[in-house]
Amino acid sequence: MKELFKRIFGSSNQRLLNQYSKIVHKINALEDEITALNDSELSAKTAELKSLYESNKDLDSLLPLAFAVVREASIRTLGLRHYDVQLIGGITLHHGKISEMKTGEGKTLVSTLPAYLNSLSSSVHIVTVNEYLAERDAEWMKPIYEFLGLTVGTIYSGQSTEEKINAYKSDVIYATNNELGFDYLRDNMALSEEDRAQCSLDFAIIDEVDSILIDEARTPLIISGPSDESSELYKQIKKIIPKLKKQLREET
């Protein structure tokens, strides 16, 4: 009976793909309109989309237009066009689901779609497994984001606090999972608000999610601060304590 219903109604995955295919159709329907825009008009779409978001606070309603804008910006800056299957991958990531893609299917390009859409409401973190990929992907995709008026930052080990703060002010932030974790710990050890680096943690796209959330997650992140304590201080206090006299409370 279960197999019969599956043949009639399709699996849950197939129903989801059918739903996303309708959204892809809406994106493709906007292609001629977006293609007709000049560079300035296309770049100005970011301000328009942000204004629309402030009005309705609904990113899903803006998804078709935002994805169409990113695809055209990618064509003009990198010469790369998002295929329909990549649009489906972008929709999947935006909805917080896992999109399985093989090497060479354009995962890096796919991430620009939900990253741009969610940057309309907050900063976006793109998490990779090593610093080489973080820096490579940031430089590779930067022309798309900058064409649309967004800033791109990269987080890596060895940065000064000022460099990290500036990087975290970007709209799209590329970083490794370890460095993000250590920055979170450092921020919780900071003595003042000015010493904290990280921005709001609202939306993240995780590359190689199985590696980061399963394999890498088995290794704990441990951090400690420098200690100013010295045993010499205790020795000095030890000399003073025997000379102290008990003082009674007043009015006793």
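- Using a distance-only test at 3.5 Å, with no hydrogens or angles considered, a donor-acceptor pair links the side chain of D187 to the main chain of A197.
- A heavy-atom distance below 4.5 Å is found between the side chains of Y168 and D183.
- Counted by atom type alone, S200 and D202 present one or more donor-acceptor pairs between their side chains at under 3.5 Å.
- In this structure the side chain of Y174 never reaches within 4.5 angstrom of the side chain of E135, judged on heavy atoms.
- Residue K57 comes nearest to E54 through the heavy atom pair NZ-OE1, 3.2 Å, listed as atom of the first residue, atom of the second, then distance.
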Practice prompt. Take F182 and L185 through the side-chain contact (heavy atoms from CB on, under 4.5 Å) test and state the conclusion after the steps.
Written response: CA-CA 5 Å; F182 280 126; L185 295 177; 4.3 Å; yes
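- In this structure, CG in L201 is found 9.5 Å from OG in S122, a value given to the nearest 0.5 Å.
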| request: Report the C-alpha distance between S43 and F147 in whole Å, list the side-chain angles of each, state the deciding distance to 0.1 Å, and finish with yes or no for side-chain contact (heavy atoms from CB on, under 4.5 Å). | output: CA-CA 6 Å; S43 298; F147 181 89; 3.7 Å; yes
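- In this structure, H125 and I205 have side chains that are not in contact, with every pair of non-hydrogen atoms separated by 4.5 Å or more.
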Report task. List the steps, then state whether side-chain contact (heavy atoms from CB on, under 4.5 Å) holds for L87 with N28. Result -> CA-CA 10 Å; L87 296 177; N28 290 334; 4.0 Å; yes
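- Contact check for R218 versus I214: side-chain heavy atoms found under the 4.5 Å cut-off.
- Using a 4.5 Å cut-off between side-chain heavy atoms of Ile, Leu, Val, Met, Phe, Trp and Tyr, with links allowed through other members, V70 and I27 fall into the same hydrophobic cluster.
- Contact between L30 and A68 at its shortest, heavy atoms only, is CB-CB, 4.1 Å.
- Contact annotation: the side chain of S74 never approaches that of R81 to less than 4.5 Å [non-hydrogen atoms, C-beta and beyond].
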Which donor-acceptor pairs under 3.5 Å do the side chains of residues 148-156 make with protein atoms, sequence neighbours left out?
| residue | atom | partner | partner atom | Å |
| --- | --- | --- | --- | --- |
| T151 | OG1 | D171 | N | 3.0 |
| T151 | OG1 | D171 | OD2 | 3.1 |

Show the atom names and distances, to 0.1 Å, of all donor-acceptor pairs under 3.5 Å that link a side chain in residues 93-100 to residues at least two apart or in another chain.
| residue | atom | partner | partner atom | Å |
| --- | --- | --- | --- | --- |
| H94 | ND1 | N118 | ND2 | 3.2 |
| H94 | NE2 | D60 | OD1 | 2.7 |
| H95 | ND1 | Y20 | OH | 3.0 |

Under the criterion side-chain contact (heavy atoms from CB on, under 4.5 Å), I'd like the reasoning laid out for D215 against D210: C-alpha separation, chi angles, the key distance, then a yes or no. CA-CA 7 Å; D215 300 334; D210 55 336; 5.6 Å; no
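- A single hydrophobic cluster is not seen to contain both V129 and V124; linkage of ILVMFWY side chains at heavy-atom distances under 4.5 Å, directly or through other members, places them apart.
- D58 and L62 get closest at one heavy-atom pair: O-CG, 3.6 Å.
- Defined by atom type and a distance below 3.5 Å, a donor-acceptor pair is present between the side-chain atoms of S192 and D195.
- Side-chain N or O atoms of S111 include one that pairs as donor or acceptor with a backbone N or O of T108 at under 3.5 Å.
- Here CD1 of I144 is found 12.5 Å from CZ of R71. Values are rounded to the nearest 0.5 Å.
- Rounded to the nearest 0.5 Å, atoms CG (L221) and CD (E216) are 9.5 Å apart.
- The minimum heavy-atom distance linking E33 with L37 is given by the pair O-CG, 3.7 Å.
- Heavy atoms from other residues, nucleotides or ligands lying under 6.0 Å from CG of L244 number more than 12.
- When only modelled atom types and interatomic distance are considered, T46 and Y116 share a side-chain donor-acceptor pair under 3.5 Å.
- Within the 4.5 Å cutoff, no side-chain heavy atoms of T92 are placed close to those of V110.
- With hydrogens and angles disregarded, no donor-acceptor distance shorter than 3.5 Å links the side chain of S51 to the backbone of A47.
- Formation of a donor-acceptor pair under 3.5 Å by the H82 side chain with backbone atoms of L109 is found in this model.
- Considering CG of L52 and CG of L65, their distance stands at 7.5 Å, rounded to 0.5 Å.
- V69 is not connected to I75 by any chain of hydrophobic side-chain contacts under 4.5 Å among Ile, Leu, Val, Met, Phe, Trp and Tyr, and they are in different clusters.
- What you find for S123 and S170 is that their closest heavy atoms are CB-O, 3.8 Å.
- We find that K102 and E105 are not joined by a salt bridge, their nearest charged nitrogen and carboxylate oxygen being 4.0 Å or further apart.
- A donor-acceptor pair shorter than 3.5 Å cannot be found between the side chains of N130 and R136.
- Both L78 and L113 sit in one connected hydrophobic cluster of ILVMFWY residues. Membership requires side-chain heavy atoms under 4.5 Å apart, directly or through other members.
- Hydrophobic clustering, with ILVMFWY side chains joined whenever heavy atoms are under 4.5 angstrom apart, groups L233 together with I241.
- The OH atom of Y53 sits 11.0 Å away from atom OG of S119, with the distance rounded to the nearest 0.5 Å.
- Side chains of I23 and L63 form a contact here, defined as non-hydrogen atoms less than 4.5 Å apart.
- A distance of 12.0 Å separates CD1 of I126 from CG of L133, quoted to the nearest 0.5 Å.
- Under a 4.0 Å N-O distance rule, the pair E72/R76 qualifies as a salt bridge.
- Side-chain contact between C199 and I173 is present, with at least one heavy-atom pair separated by less than 4.5 Å.
- A donor-acceptor contact shorter than 3.5 Å is absent between the side chain of S211 and the backbone of E208.
- In this structure, E179 pairs ionically with K164, as a charged nitrogen and a carboxylate oxygen lie closer than 4.0 Å.
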